[in-house]
Amino acid sequence: MLQCTAVTQVPYAETLLALATMEGGPVHPPDVVEPEDFVLCELADHDESAEHAAHLWTADTPDDRDLWFLWSGTGAHRVHRLDTLRLCPAVLRELATRTVTTCAYFDHHSGAHSFSVTDPLGDLIADHVHSEVRRLVSEDDAPGAPDAPDVPDTDAP
């Protein structure tokens, strides 16, 4: 299932207040959010009846509550809220590889779990970054590649 593509601006003052007052919040909230930050809905593609949601902060608490920004509507009709929500308890167990993947969303979210959601743009960006790294590494391993850059001798008379 594809990821929702809804984007909205984060209300800076409200978000700072929520981060500063939440249990397990950041030591310095202005390091977490900028005045002009935008967020992308992280949930699976959904209809207008479900709220959009973006994860803002992973709390350092024993009860697994994170800060989420939830919104619906657009422009002047946008309604939003900031809420600390429990993590979704769903897990995906791959018996062949013995891996366990937990859902990264909040409990009772709409739609598919995070491990079933794909982000084509994110995948494209990751593929591009990986190919650039491979290209740079292969250039460094190429015959005739310099071991160290030429640095002029500044101590010479």
Side-chain angles (χ1 to χ4, degrees), residues 1-140:
M1 173 158 279
L2 294 177
Q3 182 177 341
C4 178
T5 58
V7 176
T8 194
Q9 189 170 10
V10 177
Y12 183 66
E14 289 177 55
T15 305
L16 279 180
L17 180 61
L19 287 164
T21 58
M22 75 178 288
E23 182 183 355
V27 174
H28 194 250
D31 290 344
V32 176
V33 64
E34 300 275 333
E36 300 297 321
D37 276 356
F38 282 80
V39 290
L40 171 68
C41 179
E42 298 178 31
L43 302 177
D45 198 20
H46 52 89
D47 64 22
E48 293 179 14
S49 66
E51 286 181 303
H52 300 290
H55 180 263
L56 295 180
W57 182 259
T58 300
D60 187 17
T61 61
D63 67 353
D64 290 330
R65 288 183 176 264
D66 293 347
L67 181 63
W68 286 82
F69 179 70
L70 301 109
W71 78 97
S72 60
T74 59
H77 302 286
R78 183 186 82 169
V79 177
H80 67 270
R81 64 188 174 104
L82 290 143
D83 205 350
T84 52
L85 303 169
R86 286 192 187 282
L87 294 177
C88 178
V91 295
L92 175 65
R93 298 179 192 281
E94 304 248 357
L95 298 177
T97 59
R98 295 185 176 176
T99 59
V100 176
T101 306
T102 59
C103 180
Y105 301 152
F106 53 91
D107 200 9
H108 302 293
H109 60 83
S110 64
H113 296 291
S114 65
F115 42 75
S116 300
V117 176
T118 58
D119 175 9
L121 179 58
D123 294 343
L124 260 166
I125 292 169
D127 287 345
H128 178 72
V129 168
H130 289 205
S131 67
E132 282 298 301
V133 168
R134 284 191 297 275
R135 182 182 65 78
L136 292 170
V137 167
S138 69
E139 285 179 2
D140 288 345

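You'll find the side chain of H80 stays beyond 4.5 Å of the side chain of T8, heavy atoms only. Residues P29 and W57 form no side-chain contact, since every pair of their non-hydrogen atoms from C-beta on lies 4.5 Å or further apart. Contact annotation: the side chain of H109 approaches that of L43 to within less than 4.5 Å [non-hydrogen atoms, C-beta and beyond].
Within the 3.5 Å criterion, the main-chain N or O of V10 finds no donor-acceptor partner in the side chain of W71. Checking side-chain atoms of H77 against main-chain N and O of V79 turns up no donor-acceptor pair under 3.5 Å. Between the side chain of R65 and the backbone N or O of M22, no donor-acceptor pair lies under 3.5 Å.
The distance from the CD1 atom of I125 to the NE2 atom of H128 is 9.5 Å, given to the nearest 0.5 Å. The distance from atom OG1 of T58 to atom CG of D64, rounded to the nearest 0.5 Å, is 9.5 Å. Rounded to the nearest 0.5 Å, atoms CG (L87) and NE2 (H55) are 7.0 Å apart. How far NE2 of H28 is from CG of L19: 11.5 Å, rounded to the nearest 0.5 Å. The CZ atom of R134 sits 10.0 Å away from atom CD of E132, with the distance rounded to the nearest 0.5 Å.
The side-chain contact (heavy atoms from CB on, under 4.5 Å) with V39 is formed by just one residue from the set L56, T15, V7; it is L56.
Closest approach of F69 to P11, counting heavy atoms only: CE1-CD, 3.3 Å. Annotation for W68 and A53: closest pair CE3-CB, 3.9 Å, computed over non-hydrogen atoms. Taking every heavy atom of both residues into account, S116 and A112 meet most closely at CB-CB, 4.1 Å. Minimum interatomic distance between C103 and F115 (heavy atoms only, all atoms of both residues): N-CE2, 3.8 Å. The shortest heavy-atom contact between S114 and A104 is OG-N, 2.7 Å. Residue Q3 comes nearest to C41 through the heavy atom pair NE2-O, 2.8 Å, listed as atom of the first residue, atom of the second, then distance.
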Show, in sequence, the C-alpha distance, side-chain angles and deciding distance for F106 and D66, and conclude whether the side-chain contact (heavy atoms from CB on, under 4.5 Å) test is met. CA-CA 8 Å; F106 53 91; D66 293 347; over 6 Å; no
Practice task
Report the C-alpha separation of L82 and E14 in whole Å, then their side-chain angles, then the decisive distance to 0.1 Å, and conclude whether the side-chain contact (heavy atoms from CB on, under 4.5 Å) test is met.
Solution key: CA-CA 8 Å; L82 290 143; E14 289 177 55; 3.8 Å; yes
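Taking the six-membered ring where the residue is Trp, the centroids of Y105 and H113 are separated by 6.0 Å or more.
Within the structure, the salt bridge (charged side-chain N to carboxylate O under 4.0 Å, His left out) test picks out the following pairs touching residues 42-54 (sequence neighbours left out): E51-R81. Among residue pairs with one or both ends in residues 84-110, none qualify as salt bridge (charged side-chain N to carboxylate O under 4.0 Å, His left out); sequence neighbours excluded.
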